[in-house]
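These notes concern the structure reproduced below.
No hydrogens, no waters, no symmetry mates; every other heavy atom, side chains included, goes into these values. Whatever order the structure lists them in is the order used to number ligands and atoms, beginning at 1.
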Amino acid sequence: MSERDGRVVVALDVGGTGMKCALIRPDGAVVHTERHPTGADRGAEAVVDTILTVADGLIDTARTAGLTPTALGIVVPGIVDQTRGVAVWSANIGFRDVPLRDLAADRLGLPTALGHDVRAGGLAEARLGAGRDCGHVLFVAIGTGIAAAHVVAAAAATGAHGAAGELGHILVRPGGPRCGCGRSGCLEAIASASAVARRYTALATGTTGNADTTPDGGAAGPTVVTAAEVAGRAAAGEELATRVWREAVEALADGLATAQALYDVQTIVLGGGLAQAGPGLFDPLRTALRERLTFHREPRLVPAALGDEAGCLGAALLALDQLEDS
Ligand SMILES: [Zn+2]
């Protein structure tokens with residue numbers, strides 16, 4: 001095996017509950033994967049230490065297998081200043097201005113890139129997945145929240161403050177359900193997977209359905225369902241599920257129509273838990289989006305292709321891009 005054949009980058013996608021880690025060849029082939037708990041409840045400092053220890057272990061694993069780690073890519077949620085390599089803020093991990101790129105580069109001795117998880121996932125979908133060869137792509141991840149990445153010419157726009165793509169906080173229903181950000185009527189308070197589940201449960205049990213309502217707060221414990229179950233019940237014709245699902249689809253269409261007015265993309269790639277609803281989501285969403293567009297071109301609306309590996313692949317692409325730039 002020549003040295004070139006053995007080159008890999010070390011990629012880490014750090015989430016609120018778990019880290020997905022991989023060794024990835026420059027052509028995108030994944031040669032090794034690992035998963036570790038993030039342990040966010042231990043505080044940011046302990047999480048940083050775990051990230052560095054796990055990355056160190058991956059470097060060892062690569063070398064033991066005769067591979068040559070050339071760079072490290074780490075992606076995290078929240079607000080990320082990619083240029084300075086700083087995890088500026090993260091609600092679920094507790095990062096506050098953590099210079100993670102330099103900490104990793106100093107400890108591990110590899111050129112390191114730090115990026116944002118959804119933007120990295122969007123980059124991977126645009127370059128290797130469902131948005132391949134499309135040029136202008138909007139990747140929208142719909143899970144606990146809703147976030148997006150606008151990818152043009154194979155790069156995801158970061159924004160001036162590392163906060164571009166907060167599609168979930170487009171105001172779509174003034175006075176609507178309260179969002180985790182504190183405002184009422186944000187898109188993700190109605191159409192995220194969590195919101196769909198929460199809203200169905202609230203209507204079924206007569207509670208508020210706001211983002212600050214604990215789903216299991218009632219004494220008797222209301223029925224807790226997932227968004228996928230709501231989608232399934234809607235498809236089976238259940239009245240309440242149909243109503244909640246339709247409201248979510250219409251709110252999503254409002255958000256995507258706004259996004260299309262701003263970005264004029266060729267393809268919108270939907271990922272995250274809700275996108276797994278398949279035709280039950282895509283068919284009515286395409287119709288609702290079409291109804292809202294006037295002179296704007298209708299984008300192709302497609303499911304993500306890379307599943308939950310997208311963030312890790314994106315981390316690898318950031319690491320490789322940085323090698324090319326240097
Ligand atoms: Zn919000």
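Applying the salt bridge (Lys or Arg N to Asp or Glu O under 4.0 Å) criterion to D308, with sequence neighbours excluded, gives R35. Residues meeting the side chain to side chain donor-acceptor pair (under 3.5 Å) test with E247, sequence neighbours left out: R199, R243.
The main-chain N or O of T68 is never found under 3.5 Å from a side-chain atom of T70 such that the two would form a donor-acceptor pair. No donor-acceptor pair closer than 3.5 Å links the side chain of Q82 to the backbone N or O of H116.
The minimum heavy-atom distance between A259 and L138, with the atom names listed, is CB-CD2, 3.6 Å.
Other residues sharing the hydrophobic cluster of W89, ordered by chain and number and joined by side-chain separations under 4.5 Å: I79, V86, V88.
Around the Zn ion (ligand 1), the protein N, O or S atoms closer than 2.8 Å are H169 ND1, C179 SG, C181 SG, C186 SG, listed by chain and residue number.
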